[in-house]
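Protein chains get the first letters and strands the later ones, always in sequence-line order, with residue 1 at the start of each.
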Number of protein chains: 2
Amino acid sequence: MTKMRASGKKSVSIKDVAKLAGVSVSSVSRYLNGGSNVSPASQKKIAQAIETLNYRPSALARALVREINPAIAVVTINSSQLGPTQMLGGIEARARERGASITISVPETDRREDILNSLHMAADQNPLGIIFMYPDMVDENISDFFPLEGPYVMVTGQQTMGAHEVSLCDQEGGEIITRYLLSLGHKTVYHVAVPVRLEYNRRLQGWRKALENTGSYIPDPIICGWDPEDAREIGRRLALNDDVTAVFAGNDELAIGLISGLRDMGKRVPDDVSVAGFDDHPLSGFWDPGLTTIHQEFIRAGRESVDLLLRQIPQYQENPDGGITDANGDETEISKKSLDIHGKLIIRNSTGAPRQEK
Amino acid sequence: MTKMRASGKKSVSIKDVAKLAGVSVSSVSRYLNGGSNVSPASQKKIAQAIETLNYRPSALARALVREINPAIAVVTINSSQLGPTQMLGGIEARARERGASITISVPETDRREDILNSLHMAADQNPLGIIFMYPDMVDENISDFFPLEGPYVMVTGQQTMGAHEVSLCDQEGGEIITRYLLSLGHKTVYHVAVPVRLEYNRRLQGWRKALENTGSYIPDPIICGWDPEDAREIGRRLALNDDVTAVFAGNDELAIGLISGLRDMGKRVPDDVSVAGFDDHPLSGFWDPGLTTIHQEFIRAGRESVDLLLRQIPQYQENPDGGITDANGDETEISKKSLDIHGKLIIRNSTGAPRQEK
DNA sequence: CTGAAAGCGCTTACAG
DNA sequence: CTGAAAGCGCTTACAG
């Protein structure tokens, strides 16, 4: 029974406990699972044996026999970005509250095979389900990856899959911030886009839509990398063009890089050009000037995605405090399957009215 | 064999494959594990069965029987801070390269019981080992938590445990940056400290040491929260004191908050007061003024901690490219058990000589 | 090359 | 209340 581990340490099993306590393995198991049908005497002996052996049941064996592993697998690309980081925090916290552990895997690259591989590795653990962050950043069609067996939820920039999805409403946000900039009096708004496949770049789409709807001139979007340094370069170039009076950057980091570039060339923000970001990075309010941006509730998105996932699992249905299932145990509202998390416009000082003509 | 999962989906097992392929379970297993001793004919049939059933071996069952779960458990507090975030990225990437998955658990609070709980939950998965980030931020003595069974590595601000530890050399960094500030001509340097238990606040200790060694006046350190807003408050207060010409903040976010507070009160940085941070946050170079700071190699720290952990596990010993074990398979160098990762002074524009007296 | 058997550490009916 | 047995999905000697 006392076997060696990979580490060379010996690990104690339920058999050891049973032997030391002088009872059967079944009894120990019963004790472990609530103690019903175990005499006080046995309980005492077992408790003692566990104590002296420093026994802990193997989560692995349990998961195997119970056919349910209380773990949530999260797969994410761009794990170092603000959104994924904050969402992971939310997922982690909510998972803990609900008694689930979390496993994370990030694909080596954006390519189909790597993503599939990550998704499969995640599924192999027989987790409660998979939370897939930003599938729409992948340069492939999502439907190619799913259905994987088992529950899942996607966190996306925009509702598209139809089910089990929490959406950050990026398009709406892009539209709102662009409109705001236009409302300030700018003729048009330039866009420095985050490096996401165009069809799935919702922020960009919102920007375009706002421009279209107001009949404004639509400049080509400028595709940027994730590095603020790239945005700085772009800022320097943009500074050369006096038609540029307002720029919406795909996220706050890029907005910050952009402002640096603009300043490198002597432009003032917002006097010469207004710059808005997206996300409401924790430091955005401290910037000088404070960044006008769209606040995203990433942490909440993470938490909600856990609930959305667990809602698909019978054992985790939480009728008591929510009325999530009806009398038949069926899902009551379609809306419970997906969720929109709306961004909020935060107006600070990096944006303002354009300078008077000439 | 085809059982239901928690999700209600059926899952296919090795038995199903064996049956469909018309061979024994053993043969399928052999096929799965390299295919030696399986006739080409069988291989074909098995491959086909796997394909049509869409079979994937259960990682759980494998881990159980092999008595080794190729997963690294990382437990961390303050998971949303820059350091942990970046380290997690490094851990994740390196773990992937070395064929391990990763599991993360963050204690609910800093209290002993919660930490122990996280540590135990991690250990219950029978992982390859545990990477414990910033144990020294915990308000308890580390030795209380270990030895837990199995391999582990700590990532700390300063080498203290003696073994299996990667240290970020915070004290050295604090000393270096304080000395730099002094070298600029400042009479002394104030410190806005990160909310870490004093005995383990290495950055603070380095600062104090530099002051002591140069015989400078040692002001009381100002304890701050993690929120830059707290630092802003402190900045406003500090602005009232004309003796304050140089401040070293416990990290870049706080430095940024501090600068905001100083400016709120009309102080200029660095003209009126120099401010230095710590970590070299990705945005620090874009700040205006650029932040003088200590660059920390968090990602590398994460990667190294994985290697340090795996080095404790026979199956992962990598003789080929490193000579990590000697002829007897013993560890050759003590130094391989722990690692110092030195920070690097980055001089930017938030610091300068003090203004001429009056 | 191949299959039957035993075993990993647990849990869950099933008879007492 | 209690123990023996079967089983979770795999792997690993062991005999052919």
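For A:Leu53 and C:dC10, the CG to P distance is 12 Å, given to the nearest whole Å. As a whole-Å value, the separation of A:Leu60 CG from D:dC8 C1' is 12 Å. For the pair B:Asp16 CG and D:dC10 C1', the computed distance is 13 Å after rounding to whole Å.
When each of C:dT11, D:dC1, C:dG9 is scored by its nearest atom to the side-chain atoms of A:Arg62, the top-ranked nucleotide is C:dT11. In the set D:dC8, D:dT11, C:dT11, C:dT11 carries the atom at the smallest distance from any side-chain atom of A:Ile14. Closest to the side chain of B:Asn37, from the set D:dT2, D:dG9, C:dC1, is C:dC1. When the nucleotides D:dG9, D:dG3, C:dT11 are ranked by their closest atom to the side chain of A:Asn33, C:dT11 comes out on top.
The P atoms of D:dC1 and C:dC10 are separated by 24 Å, rounded to the nearest whole Å. With P as the reference atom, C:dT2 and D:dG9 are 24 Å apart, rounded to whole Å.
One distance of note links OG1 of B:Thr109 with CD1 of B:Ile115; it measures 7.0 Å at 0.5 Å rounding. Distance check: A:Ile72 CD1 to A:Ile130 CD1 gives 11.5 Å after rounding to the nearest 0.5 Å.
Considering only side-chain N and O atoms, B:Lys15 lies under 4.0 angstrom from the phosphate OP1 or OP2 of D:dC8. In this structure, B:Ser42 does not reach the C:dC1 phosphate: none of its side-chain N or O atoms is under 4.0 Å from OP1 or OP2. Contact annotation: B:Arg66 reaches the phosphate of D:dT11 (side-chain N/O to OP1 or OP2, under 4.0 Å). Under 4.0 angstrom from either OP1 or OP2 of D:dT11 there lies no side-chain N or O belonging to B:Arg30. Between B:Ser58 and D:dG9 there is no side-chain N or O to OP1 or OP2 distance below 4.0 Å.
B:Tyr55 comes within 4.0 angstrom of sugar-phosphate atoms only, judged by non-hydrogen atoms across all strands, and of no base. Residue B:Ser29 is classed as a base contact, given a heavy-atom separation below 4.0 Å to a base.
Both B:Val65 and B:Ala41 lie close to DNA chain C; mapped to their nearest nucleotides by heavy-atom distance, the more 5′-ward contact belongs to B:Ala41. Judged by closest nucleotide on DNA chain C, B:Ser39 is the one of A:Arg56 and B:Ser39 placed further toward the 5' end.
Pair check for C:dC1 finds D:dG16; Watson-Crick or G-U wobble, both atom distances under 3.5 Å.
Here B:Asp124 does not pair with A:Arg62 in a salt bridge; the nearest charged N to carboxylate O distance is not below 4.0 Å. Taking the charged nitrogens against the carboxylate oxygens, A:Asp16 and A:Lys19 have no contact shorter than 4.0 Å, which rules out a salt bridge.
Residues A:Val153 and A:Phe132 are not in side-chain contact: their nearest non-hydrogen atoms beyond the backbone lie 4.5 Å or more apart.
Checked by distance alone, A:Ser26 brings a side-chain donor or acceptor within 3.5 Å of a matching partner on the base of D:dA4.
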